[in-house]
Structures are given as C-alpha cells and as structure tokens.
> 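One structure, as structure tokens, below. Some questions next.
Atom set for the values below is all heavy atoms of this structure, side chains included, hydrogens, waters and symmetry mates excluded. Note on naming: letters A, B, ... go to the chains in the order of the sequence lines (proteins, then strands), and numbering restarts at 1 for each one.
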2 protein chains.
Amino acid sequence: MLPQQKLLALRPDADSSTPLYLQLGHKLAAAIHAGFWLADDPLPSERNLCEMLGVSRVTARKALDLLLADGLIIRRHGAGTYITPKLEQPLNKLTNLSEMLKQRGFTPGSRWLKREVALANAEEQLKLNLAANCKVSRLQRVRTANDVVMALEETALPFLLVPDPSLIGDSLYEYMRSVRLSVVRAIQNIAAINATEALSQLVDVAPGEAMLHLTRVGYLENGVVCELTHSYFRNDYYDFVVELHK
Amino acid sequence: MLPQQKLLALRPDADSSTPLYLQLGHKLAAAIHAGFWLADDPLPSERNLCEMLGVSRVTARKALDLLLADGLIIRRHGAGTYITPKLEQPLNKLTNLSEMLKQRGFTPGSRWLKREVALANAEEQLKLNLAANCKVSRLQRVRTANDVVMALEETALPFLLVPDPSLIGDSLYEYMRSVRLSVVRAIQNIAAINATEALSQLVDVAPGEAMLHLTRVGYLENGVVCELTHSYFRNDYYDFVVELHK
DNA sequence: AAGTGGTCTAGACCACGAA
DNA sequence: TCGTGGTCTAGACCACTTA
C-alpha cells in the first residue's frame, strides 16, 4: 500500500457528530499503535497531513496536540514530528481502576463489604463540602486482581447525588455515568502508611507492611465535589505511574 | 477601577518575543491569583476578551486553554468561563522539589552524600539505555525542609551528558538548565516501602516505617533518557498530589 | 534555500444555557 | 432569542533545521 493510500484511511468523517480533530486524533493514535510508522520515523508534515486528510492545518495540529499530550509523539521545530521512541501508556487521564488493571493484563474483581447511608463524619463534611446534618452514601469494598486482594476502597458520595447505594453494581464508574454524574476532574493525594491490624486482615498482608494510601476528591463538570475516596493499596500489586510535562 | 480598565492592563505586548497566548495566559493566571475576579464569577466572554485585548479569539482561547490545563478555570458551554471554586495548585507540571517546598512554605535545603563517576549498574543500563561499559555520574543527597531531613535522593546521569558531577551545585535543576539539558518529560512510579535499617538512619525515621519510594525517568526534548532518580520520602513530610482530568 | 513546526488572524457556523 | 463556548477554515508570517 502506498503511503498516500494509507493516509487516506485516516480521513475523518465530516458528517459525524464527533469533532474532526478528535476523530483524527483517535485514528492517528490507533495507527501509531498499529505500527503504521516506525519509531524514530517522522510523521507526514502538518501541511501534508491536512492536504491529504482534507482538513485545515489548525485542525490537524489540534489532533496532533492530543497525541503530544499523551506522549505519543515528539515535535522538533524545523525538523518534523516523530513517534516517541519508547511507547509507554501512563495514567494522567481519569480512568477507573478496572480498566487500568485490564490494560496491565489482570482480571479485576471486587467484593462489597458495606453499602450504607449514614450521617457525614467530620472529614466527609469538610472534603465534600456538606453541612453537619447531611447524609452520605458510603461504600466499602475490597478490590481484587486475578482473585488476589489488591486494595481496600472506601468511598463517600453525597446522599443528594446518590441516594441509594444498593443500586450500584460492580462498577461505580458505570453507575455514575448512568445517572449522568461524570467526574471530570480529581485531586489525588498519595501517602505511605503502615498497615494497621484491621487493614492488614482485610487486604491480607502483614501488620506494619508499607501500603499506598490514596485519597481522591472528585469534581463534576460544574465544579461540585461529588466523591471522596480512600484507597489502600498493597504495594506489591500496584504502583502508581504519573507522566509529567514541562 | 472600571472593569474595562482592569482588562486593559492584561494586554499582551505584540513586540515581545514570547508568544501572545503565553503572555496572556500568564497575565490572566496572575490576575486570578490576585483576586481579580471572585470565585464562581464568570470571566469576560472570549469575544469580549479578544476585543479588549486586541488579539484574535483563537489566541485568547489558547491562553484560556493554559488556565484550563492548570485547573484555574472551568468552561461551561453556553454559560461562560468561571474561576475554579477551590484554588489548589497541584503538581502535574515538571517542577523541582525546591520550588515545590517553597510554595508550601518550607525552606528547602540539601546535603551531598556522594558525587561520583562509576560504571553503570544493571538498573542504570536498562533504564538509561546505556551499553554495559558506559559510565554514569551518580549523585546522592539528603534533602531537608526547614532543616529536617525529608528525603533521600539518588540520581544517575549518563556520563556523556554530565561528565563532572562535582560541578553541580545546590540545584541539579539549575545545573541541567545551564548546560542546556532540559528535562521536558518524565515518568514517575510511586510505591510504598518499609524503611530499611540503612535508609532509616539516613532519613531519621524508625526502621520499618512506611515511606514513599518515587522512581523517576526523565527525558530530554529529543526523547533521550537523561536521568534516573530514586527518591525516598518520609511520609510525614511529603505527600504527593496529582490532578487528573477527563 | 526549502521544508518544518510555531504563532496568529478574521470570520464563520454550530450546540448549548439562561432569561 | 441571545450570548456563550466549541469547532473549523484559508491564509499568512516567523523561527528553526537540514542539506
């Protein structure tokens, strides 16, 4: 197949409801992962791309911006745009743990320990921005990878947003999406702790063992806090990857 | 001061060598931090902004994109652009630890334990992509906050890039910049460990205490790996903040 | 000198939110 | 309905790299 013909397959659909730059970004990412271009090879120039794909240069560039943000490509001023030599796919994006584990080749699972409605405790009032008499839906579960306990997860959601926690199935993420509560931004704190006696029994490690304690506050699109989660990870089953940019 | 006059102060300098959208982005960020607009207040609309500031809408938008990436603003389609209610400044950017500590009100310091040139060990060969007989400059230091030991940091740099580690002063970051070696991308792994006997003495904690172990691989603009760092943080002095977006 | 990415413009149309 | 953000275009000039 000639290079020109390969490119033609990436043409975005102008009649689709998804923006051109997103379509193009996804197609390009897929092409890169499929080995469409060799590592250290230059991609077609922006001017070539937009001519072949029938979009403006601004749009092509915006698609490439997506790839850049994901670390898939590197731009060199005056020289060209290149595939990032080392392909890793770290998590800067908001993904759910299940997806993440699947990508790493594990089979995720979970077991509910608690699904209750209760008065918000002091921390929940503070972090979720609730009044003293407000209620929260509180969830507690152990999460597994290949049937081995990997983490304990405790989540608190404002009662007003999630009044019936028993409706939540295996995936909190799926449930939130189904009731139009989409977490678009989160702030996570990561600390190290020694497993307490209670914790060590739940996640099946020795007391005192070092674990990762992840505290996460999630925000809806309108900026409202909607989720407070504490996760306690066995360090031998999980380490957290962050990608940084200048 | 009238709103219009306030906005005029944000006009970028067209003759400056820094791009308009960067100038504007910085000015807007500064204005937000200075309390120029109240939280939950809408910013001027994009069309107003670009008219008042004498730039195109695309440029104004690109400046706002910067603020969005930093979590300073929230856009609501059809409604307007708003200051993010809760102002936090988490670290998705590539900052050096010193800057970070200063922002949190600590006085950073460090004490060198080792600055040597040696043959790359197995891990360094692998992570830094070096041949078996290659040398590395190896640095080890304890880092302090308000004169209390906070972390142990071990860095390996390819000898070809940094041949004389004794030239590195207090700030590795400053040194790298001075020799035109700018880390623009890094991948960090975070895990929890129990302090070993040796480690516990260096950072002044009890043996077995939970610590954060951060492994960081830094890349230059051209994609070359140039830095491998292991940091061991006392969890009572540091917890890592990550901001996530959809 | 030719080609590349980096920036910028003026103007257009669409989809969404609020009055 | 009107103003907002979201997308898109065609064309321009600059700065940089490579040969």
> CD1 of B:Ile74 versus P of D:dG5: gap in Å, rounded?
14 Å
> Does OP1 or OP2 of D:dT4 have a side-chain N or O of B:Ser45 closer than 4.0 Å?
yes
> Kindly write out the residues that satisfy ring-ring contact (aromatic ring centres under 6.0 Å, His included) with A:His230, not counting sequence neighbours, or none if the list is empty.
A:His213
> Please list, chain by chain and in numerical order, all residues satisfying side chain to side chain donor-acceptor pair (under 3.5 Å) with B:Ser110, sequence neighbours excluded.
none
> Heavy-atom contacts under 4.0 Å between residues 53-63 of chain A and DNA chain C, which residues?
A:Arg57, A:Arg61
> First and last nucleotide of DNA chain C in contact with chain A, 5' to 3', at under 4.0 Å to a heavy atom: what are they?
C:dG3 to C:dT7
> If the condition is side chain to side chain contact (heavy atoms under 4.5 Å, CB included), which residues does B:Asp164 pass it with, not counting sequence neighbours?
B:Ser166, B:Leu167
> Could you pull out all residues at least two apart from B:Thr155 that satisfy side chain to side chain donor-acceptor pair (under 3.5 Å)?
B:Thr229
> Check salt bridge (Lys or Arg N to Asp or Glu O under 4.0 Å) between B:Glu154 and all other residues, then give those that pass, not counting sequence neighbours.
none
> Taking side chain to side chain contact (heavy atoms under 4.5 Å, CB included) as the test, write out the residues that go with A:Arg61, two or more places apart.
A:Glu46, A:Arg75
> Nearest-nucleotide wise, let me know which of B:Pro44 and A:Pro19 is further upstream toward the 5' end of DNA chain D.
B:Pro44
> Which of residues 21-28 of chain B have a heavy atom under 4.0 Å from DNA chain D?
none
> Go through the structure and list residues passing side chain to side chain contact (heavy atoms under 4.5 Å, CB included) with B:Leu160, not counting sequence neighbours.
none
> Could you pull out all residues at least two apart from A:Glu116 that satisfy salt bridge (Lys or Arg N to Asp or Glu O under 4.0 Å)?
A:Arg138
> How close or far is atom P of D:dC16 from atom CD of A:Glu46, stated in whole angstroms?
16 Å
> In Å, rounded to the nearest 0.5 Å, how long is the span from CG of A:Leu128 to CD of A:Glu227?
9.0 Å
> Restricting to side chain to side chain contact (heavy atoms under 4.5 Å, CB included), what partner residues turn up for A:Val58, sequence neighbours left out?
A:Ser56
> State the CD1-CG distance between B:Ile73 and B:Leu28, to the nearest 0.5 angstrom.
8.5 Å
> Does the base of D:dG5 carry an N or O that pairs as donor and acceptor with the side chain of B:Arg47 under 3.5 Å?
yes
